[in-house]
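Since the structure comes first, as C-alpha cells, the remarks are kept for the end.
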Amino acid sequence: MGFFGHFYDPVHTMTSCNRAQEWEQLVLRLQRELTALDREERLWIQQNLHHIQTLQRQLHQLFCMAGGPEICARCAGSCCEHGHNHMTLVNLLAAQLEGCLPQADFSCSCPFLGDSGCALPAAVRPYNCVTFICEAIEAAMDTEQRLRFYRLDQQLRELYQLFDQRYAASSLRGLLIASRRLGNVPLLSRC
Ligand code: SF4
Ligand code: SF4
C-alpha cells in the first residue's frame with residue numbers, strides 16, 4: 001500500500017531528466033493557476049481536499065494498525081516500482097496547499113521514494129498508493145478492519161471522481177499523462 005504500488009508506466013521513452021523538467025514546470029504552472037483562482041473555486045478545492053485528506057489518514061491508520069510500516073520496511077518497497085505517474089492533480093494541489101511537497105527525484109523507481117519509505121505524508125499520497133495493500137498486509141487485518149478499509153477506499157474514489165468531473169487535468173492515470181494530453185490548456189480549466 002501506502003509506502004511503496006506497482007503500476008504500469010506507459011511512457012518508457014521519457015528519460016528521468018525529461019520527466020524531472022516536466023514535473024518542475026507542472027508544479028510552477030499549477031502554483032500560478034492556484035494563485036489566480038477566484039475565492040469560490042479555491043474554497044471548493046479546499047473543502048473537498050479536506051475530505052480526501054481525512055479519508056487518506058483513516059486508511060493509513062488502518063494500514064499502520066496492521067503493522068504496514070514494519071512489513072513494508074522488510075519488503076523494501078517492492079511495490080513502489082514505476083511510480084512516476086501516480087501523482088494526480090488532487091495530490092499536487094493538496095501538497096501545494098499544505099506546503100509539504102518533497103523534492104522529486106526522477107532517477108528513483110518512484111520520484112518520492114526516499115531511504116525510509118515514501119516522502120509524501122499519507123494525506124497527500126496518490127490514491128493508488130494509499131488504497132493498495134498486498135496480501136501480507138491484508139492478512140494482518142481482521143475482518144472488520146478489512147471491510148472498513150474497502151469502504152473508505154470506495155468513498156475516497158468517489159471524491160477523486162468529483163475532481164475528475166470538474167477539472168481538465170484531473171485523472172487517476174496521473175498528472176504527467178493528463179497534462180501531455182492537455183497541451184497548453186490550463187490544468188484547472190473546468191470540464
Ligand atoms: S508515491 Fe511513490 S514512494 Fe510514495 S507510496 Fe506511492 S509509489 Fe510509493
Ligand atoms: S509489503 Fe506489500 S504493500 Fe508493502 S511494500 Fe511490500 S508489496 Fe508493497
Side-chain angles (χ1 to χ4, degrees), residues 1-12 14-20 22-24 26-27 30 49 52-142 145-146 148-150 152-153 156-157 159-160 163 169-179:
M1 121 130 192
F3 269 31
F4 305 102
H6 48 138
F7 300 93
Y8 174 60
D9 175 1
V11 194
H12 295 300
M14 296 285 292
T15 66
S16 64
C17 186
N18 287 340
R19 282 201 187 99
E22 202 179 345
W23 178 252
E24 278 170 31
L26 270 176
V27 170
L30 187 60
L49 284 180
I52 285 178
Q53 288 175 291
T54 301
L55 290 178
Q56 294 204 180
R57 286 195 191 97
Q58 290 170 350
L59 280 162
H60 187 65
Q61 200 178 12
L62 286 169
F63 167 77
C64 292
M65 282 163 67
E70 298 76 25
I71 300 172
C72 291
R74 285 200 294 277
C75 168
S78 70
C79 73
C80 282
E81 291 169 6
H82 309 300
H84 300 109
N85 293 315
H86 288 354
M87 278 293 269
T88 64
L89 177 76
V90 167
N91 310 128
L92 184 54
L93 278 170
Q96 287 185 322
L97 286 168
E98 294 287 321
C100 64
L101 183 66
Q103 187 66 38
D105 180 356
F106 280 82
S107 65
C108 298
S109 58
C110 171
F112 300 105
L113 181 58
D115 291 340
S116 21
C118 185
L120 290 162
V124 306
R125 238 169 247 174
Y127 171 84
N128 287 341
C129 308
V130 281
T131 58
F132 175 76
I133 43 170
C134 67
E135 282 177 16
I137 295 172
E138 191 165 335
M141 290 179 172
D142 62 30
Q145 289 171 330
R146 211 173 299 133
R148 179 146 190 267
F149 190 92
Y150 287 112
L152 291 170
D153 176 358
L156 183 62
R157 177 177 274 270
L159 284 169
Y160 273 80
F163 280 82
S170 184
S171 162
L172 285 181
R173 297 187 69 205
L175 184 56
L176 279 169
I177 291 174
S179 67

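As the structure lists them, so they are numbered: ligands from 1, and atoms in each ligand from 1.
Ligand-side atoms of ligand 2 in range of I137: 3 (S), 4 (Fe), range being under 4.0 angstrom from any heavy atom.
The distance from atom 6 (Fe) of ligand 1 to the nearest N/O/S atom of C129 is under 2.8 Å.
In this structure the side chain of N91 reaches within 4.5 angstrom of the side chain of T88, judged on heavy atoms.
When the shell of 6.0 Å around CD of Q61 is examined, it contains 12 or fewer heavy atoms from other residues, nucleotides or ligands.
When non-hydrogen atoms are compared, ligand 1 lies under 4.0 Å from neither the backbone nor the side chain of P111. Residue-level proximity to ligand 1 for H86 is carried by the side chain, the only part with a heavy atom below 4.0 angstrom.
The closest approach between I133 and ligand 2 stays at or above 4.0 Å for every heavy atom of the residue.
In the candidate list G68, P69, G67, C75, C75 is nearest to atom 6 (Fe) of ligand 2, counting heavy atoms.
Residues satisfying the side-chain contact (heavy atoms from CB on, under 4.5 Å) test with A94, not counting sequence neighbours, are L49, Q53, V124.
Using bins of under 30°, 30° to 60° and over 60° for the plane-to-plane angle, the ring pair H84/F106 lands in the parallel bin.
At distances below 3.5 Å, at least one donor-acceptor pair connects side-chain atoms of R146 with backbone N or O atoms of M141.
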